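The chains referred to below are lettered A, B, ... by the order of the sequence lines, with proteins before strands, and numbering in each begins at 1. Remember, predicted model here, so these are calculated numbers, not experimental data.
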Amino acid sequence: MDKANFFKDVYDVVRQIPAGRVTSYGAIAQYLGVKSGARMVGWAMNASFTEKEYVPAHRVVNRKGLLTGKHHFSNPNAMEDRLKAEGIEVENDQITQFEKYYWDPSKELEI
DNA sequence: AAGCTGACTATGG
DNA sequence: GCCATAGCCAGCT
């Protein structure tokens, strides 16, 4: 609202990610209708830390299933730790069987 | 105000 | 299959 609706939409989608599932920045951007707004999604995640409501940014990874944003957490180990806590197997900062855990908002939430 | 940066993705070599 | 380049938009310096 105060900020771009884009950010709010990103937070809303990320919060709707079910536990044990992950998605990619591009998927969210595509769901929001921003074709190449993947960077904005990542930027929104960075801004999400300023948000009062918690945003499960650890469930959002890049298209390769790599935990690129883990370094932005309070503790770089927190991201994979949370993912593991949700039953997602993470190895070498990368989600194993990424396709298995992949959650596409445009498919699950439907447009 | 202008330019750089950035948690990305797709394409080309 | 990996490295380099381009496109994208908004925030920050």
Exercise. May I have the step-by-step check of side chain to side chain contact (heavy atoms under 4.5 Å, CB included) for L32(A) and M40(A), ending in yes or no?
Key: CA-CA 11 Å; L32(A) 296 178; M40(A) 304 300 85; over 6 Å; no

Rounded distance in Å - [atom1] ([X]) to [atom2] ([N]):
| X | N | atom1 | atom2 | answer |
| --- | --- | --- | --- | --- |
| L32(A) | dC8(B) | CG | P | 17 Å |
| F6(A) | dC9(C) | CZ | P | 10 Å |
| K64(A) | dA7(B) | NZ | P | 14 Å |
| R39(A) | dA10(C) | CZ | P | 13 Å |
| E51(A) | dG11(C) | CD | P | 12 Å |
| M45(A) | dA7(B) | CE | P | 13 Å |
| H58(A) | dA7(B) | NE2 | C1' | 14 Å |
| M40(A) | dG11(C) | CE | C1' | 8 Å |

Hey, does [X] reach any base, or is it just sugar-phosphate, or nothing, if we go heavy atoms under 4.0 Å?
| X | value |
| --- | --- |
| N62(A) | sugar-phosphate |
| A57(A) | base |
| R63(A) | sugar-phosphate |
| G26(A) | sugar-phosphate |

Practice problem: Just compare dA7(B), dA10(C), dG11(C) and give me whichever is closest to any side-chain atom of W43(A). | Solution: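 The answer is dG11(C), which lies nearest to the side chain.
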
Exercise. For the side chain of F7(A), starting at C-beta, report the closest nucleotide among dT9(B), dG11(C), dA7(B).
Key: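 Between dT9(B), dG11(C), dA7(B), the one nearest the side chain of F7(A) would be dG11(C).
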
Quiz prompt | H58(A) and Y54(A) aromatic ring geometry - parallel, tilted or perpendicular at 30°/60° bounds | solution =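 Because their plane-to-plane angle is under 30°, the rings of Y54(A) and H58(A) count as parallel.
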
Self-check item: Electrostatic pair R21(A)-E108(A), nearest N-O below 4.0 angstrom
Solution: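 Looking at E108(A) together with R21(A), the answer is no, because their closest N to O distance does not fall below 4.0 Å.
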
Quiz prompt | Side-chain N or O of S24(A) closer than 4.0 Å to phosphate OP1/OP2 of dC8(B) | solution =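 So the side-chain polar atoms of S24(A) never come under 4.0 Å of the phosphate oxygens OP1 or OP2 of dC8(B).
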
Quiz prompt | Any donor-acceptor pair under 3.5 Å from Y25(A) side chain to V60(A) backbone | solution =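 Flag set: sc Y25(A) to bb V60(A) pair under 3.5 Å.
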
Quiz prompt | Audit row: K84(A), E80(A), salt bridge (Lys or Arg N to Asp or Glu O under 4.0 Å) steps and yes/no | solution = CA-CA 6 Å; K84(A) 288 179 181 176; E80(A) 64 176 88; 3.4 Å; yes

